[in-house]
Amino acid sequence: CINYNSGHMIKFDFYQSTEGYQCRFNNIGSYVVSISHYMRAYFNQQALLQGNNFALPGDAGYLNCVMLQETEQSETKLYAKIGCMDRETFTSTKLQLHVYNDDQCSVPYDDGETSKKHSTRGYEINGYYFSTR
């Protein structure tokens, strides 16, 4: 999971050899795709493989920018979308929810806490903590 062109993306590589040790040397292409496109393709594959036994996870709606129910009745509406887990020193392979001020999920919400606090405890919204996991 990487931040690329102001967006949260999945980067993956294809290699020519099936030998584990050669994955570092026979790269035939690197690709970057949005998290939502990657996850939709994954869910489609799982639906084909599992048929009627497949069910979308409850948080799949966050692949899109959605208004938080916790702010529906308040003056200030907040929105959330899934993205890369924020790490200060390295790229994370985990995902987390990010909270935004606008319905395009382009203006990050600032509750005065650090990215590290958001990834572990969540965001403080109207006196409550909204989990990002």
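- R40 CZ to L56 CG: the interatomic distance, rounded to the nearest 0.5 Å, is 10.5 Å.
- Linking Ile, Leu, Val, Met, Phe, Trp and Tyr whenever their side-chain heavy atoms come within less than 4.5 Å puts V99 and L97 in one cluster.
- Within the model, atoms NE2 of H98 and OH of Y123 stand 6.0 Å from one another, a figure rounded to the nearest 0.5 Å.
- Using a 4.5 Å cut-off on side-chain heavy atoms (C-beta onward), Q45 and L48 make no contact.
- The two residues C84 and M9 make their nearest non-hydrogen contact at SG-O, 4.0 Å.
- Interatomic distance, NZ of K81 versus CD1 of I35, reported as 8.5 Å (0.5 Å rounding).
- By the 30° and 60° cut-offs, the orientation of the rings of Y31 relative to F14 is perpendicular.
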Practice item. Report the C-alpha distance between V107 and Y100 in whole Å, list the side-chain angles of each, state the deciding distance to 0.1 Å, and finish with yes or no for side chain to side chain contact (heavy atoms under 4.5 Å, CB included). Key: CA-CA 5 Å; V107 180; Y100 298 91; 5.7 Å; no
Exercise for review: Show your reasoning for whether side chain to side chain contact (heavy atoms under 4.5 Å, CB included) applies to S30 and K11.
Suggested key: CA-CA 7 Å; S30 295; K11 178 183 180 246; 4.1 Å; yes
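- Between the CZ atom of F54 and the CZ atom of F43 there is a distance of 6.0 Å, given to the nearest 0.5 Å.
- Nearest heavy atoms, L78 versus T71: N-OG1, 3.0 Å.
- Expressed to the nearest 0.5 Å, how far SG of C1 lies from CG of L95 amounts to 5.0 Å.
- The two residues T76 and S74 have their closest heavy-atom pair at O-OG, 2.9 Å.
- The minimum heavy-atom distance linking P108 with N101 is given by the pair O-ND2, 3.4 Å.
- Counting heavy-atom neighbours within 6.0 Å of Q50 CD, excluding the residue itself, gives a total above 12.
- Using a 4.5 Å heavy-atom threshold, the side chains of F12 and V33 count as touching.
- No continuous path of ILVMFWY side-chain contacts below 4.5 Å connects I82 to M67, so the two sit in separate hydrophobic clusters.
- Within a 6.0 Å sphere centred on CD of Q73, heavy atoms belonging to other residues, nucleotides or ligands number 12 at most.
- Scanning all heavy atoms of the two residues, the minimum distance from A80 to L68 falls at CB-CD2, 3.6 Å.
- K77 contributes atom NZ, which lies 12.0 Å from atom CG of D103 (distance to the nearest 0.5 angstrom).
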